[in-house]
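One structure is given below, encoded as structure tokens.
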Amino acid sequence: MKRSQLSIKTIVAIGIGSAVFAILGRFAVIPTGVPNTNFDTSYGFLALMAIVFGPIAGGLIGLIGHALKDAIFYGTPWWSWVVVSGIVGFLIGLASKKINIEAGRFSVKNIILFNVIQIVVQAIGWFVIAPSLDIFIYAEPANKVYLQGLVAGGLNMAVVAVLGTLLLSIYAKSRSQSGSLTKDV
């Protein structure tokens, strides 16, 4: 039985990606007016890393990055949302098998597929799982946490649709297209 191992490149990406996620999650956010809920650019970056490095890296970057951000800047992780960040990164990373970004192409079909996947994944994560875990773990009031989940999820979907798509398009253009005469050095 062959045992899957993470490459050094992927392990480094997880470390750097987690740090960047935490920094973006603290300094590149806009408050929404809903308590503890921000317009957060880190999810566009998470989507890029998940597509480029796959589901394990995406999941770990979301999980570690969110836990680091909460621990450093707020004193303790809010585990229900940390877990959902990991789930979102992992599930978006599964799309990397359908979207071969390393081939240097990010077609309209790929953009639509990517965005359908990220919207479904984030809807499940932020509209259902995060609020339910808030109620189960922290005994938070349902009306508060479902509102937070709706606002955070909707904003994260928009951020990933715009920023994630833009980052992936730029990344794809930086790769040599398969079948081209140029070679990666």
Side-chain angles (χ1 to χ4, degrees), residues 4 6-7 9-10 13-14 16-18 20-21 24-25 28-30 32 34 37-66 81-132 146-184:
S4 177
L6 294 176
S7 70
K9 182 179 174 182
T10 302
I14 291 167
I16 293 170
S18 297
V20 171
F21 182 96
L24 288 173
V29 297
I30 301 168
T32 64
V34 175
T37 308
N38 297 313
F39 182 85
D40 190 341
T41 60
S42 60
Y43 289 94
F45 174 75
L46 176 61
L48 168 70
M49 297 300 281
I51 293 295
V52 172
F53 292 100
I56 302 297
L60 289 172
I61 291 167
L63 187 76
I64 296 166
H66 198 138
W81 285 44
V82 169
V83 166
V84 171
S85 291
I87 291 169
V88 166
F90 179 81
L91 293 176
I92 290 174
L94 290 175
S96 66
K97 297 185 187 323
K98 295 280 186 196
I99 300 169
N100 183 7
I101 200 80
E102 294 300 327
R105 292 188 189 98
F106 193 52
S107 66
V108 171
K109 180 181 171 186
N110 291 146
I111 291 169
I112 292 168
L113 175 64
F114 166 71
N115 279 291
V116 166
I117 290 168
Q118 71 93 0
I119 287 168
V120 169
V121 164
Q122 295 207 80
I124 293 166
W126 300 114
F127 299 169
V128 179
I129 299 172
S132 298
Y146 281 103
L147 173 63
Q148 289 174 323
L150 285 171
V151 171
L155 290 173
N156 289 349
M157 289 174 194
V159 164
V160 173
V162 176
L163 185 58
T165 300
L166 180 64
L167 290 172
L168 284 165
S169 295
I170 292 167
Y171 183 84
K173 288 178 183 165
S174 76
R175 316 306 325 152
S176 295
Q177 288 194 3
S178 55
S180 73
L181 296 176
T182 61
K183 288 190 169 196
D184 288 328

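Worth saying up front: this structure is predicted, and the values here are computed from it rather than measured.
N38 and L155 get closest at one heavy-atom pair: O-CD1, 4.1 Å. Residues T165 and A161 come closest through the heavy atom pair OG1-O, 2.7 Å. A pairwise comparison of heavy atoms in S132 and Y146 identifies OG-OH, 3.1 Å as the closest pair. When all heavy atoms are compared, the tightest approach of I101 to L168 is CD1-O, 3.6 Å. The two atoms that bring A50 and G89 nearest to each other are CB-O, 3.4 Å, heavy atoms only. The heavy-atom pair separating F114 from A47 by the smallest distance is CZ-CB, 3.8 Å.
For the pair T41 (side chain) and A28 (backbone), a donor-acceptor distance under 3.5 Å is present. Q118 contributes a side-chain N or O that, together with a main-chain N or O of M157, makes up a donor-acceptor pair within less than 3.5 Å.
One finds the OG atom of S42 at 12.5 Å from the CE atom of M49 (value rounded to the nearest 0.5 Å). Taking CD1 of I99 as the start and NZ of K109 as the end, the distance is 10.5 Å to the nearest 0.5 Å. To the nearest 0.5 Å, the span separating CD1 on I14 from CZ on F21 amounts to 14.0 Å. Note that CD1 of I117 is 8.5 Å distant from CG of L94, once rounded to the nearest 0.5 Å. In this structure, the separation between OG on S85 and CD1 on I64 is 12.0 Å, given to the nearest 0.5 Å. To the nearest 0.5 Å, atom OG1 of residue T10 and atom CG of residue L60 are 10.5 Å apart.
Looking at L46 and I92, their side chains never come closer than 4.5 Å, going by heavy atoms from C-beta outward. Proximity of K173 to F106: side-chain heavy atoms (C-beta onward) are nowhere separated by under 4.5 Å. For the pair H66 and V83, the minimum side-chain heavy-atom distance is 4.5 Å or more. Contact annotation: the side chain of N156 never approaches that of V88 to less than 4.5 Å [non-hydrogen atoms, C-beta and beyond].
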Checking Q148 against W81 for the side chain to side chain contact (heavy atoms under 4.5 Å, CB included) test, could you report, in this order, the C-alpha distance in whole Å, the side-chain angles of both residues, the deciding distance, and whether it holds? CA-CA 11 Å; Q148 289 174 323; W81 285 44; 4.0 Å; yes

Kindly determine whether F39 and V29 satisfy side chain to side chain contact (heavy atoms under 4.5 Å, CB included), including the steps that lead there. CA-CA 5 Å; F39 182 85; V29 297; over 6 Å; no

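Aromatic ring pairs are classed by plane angle as parallel below 30°, tilted from 30° to 60° and perpendicular above 60°; the pair Y43 and W126 is perpendicular.
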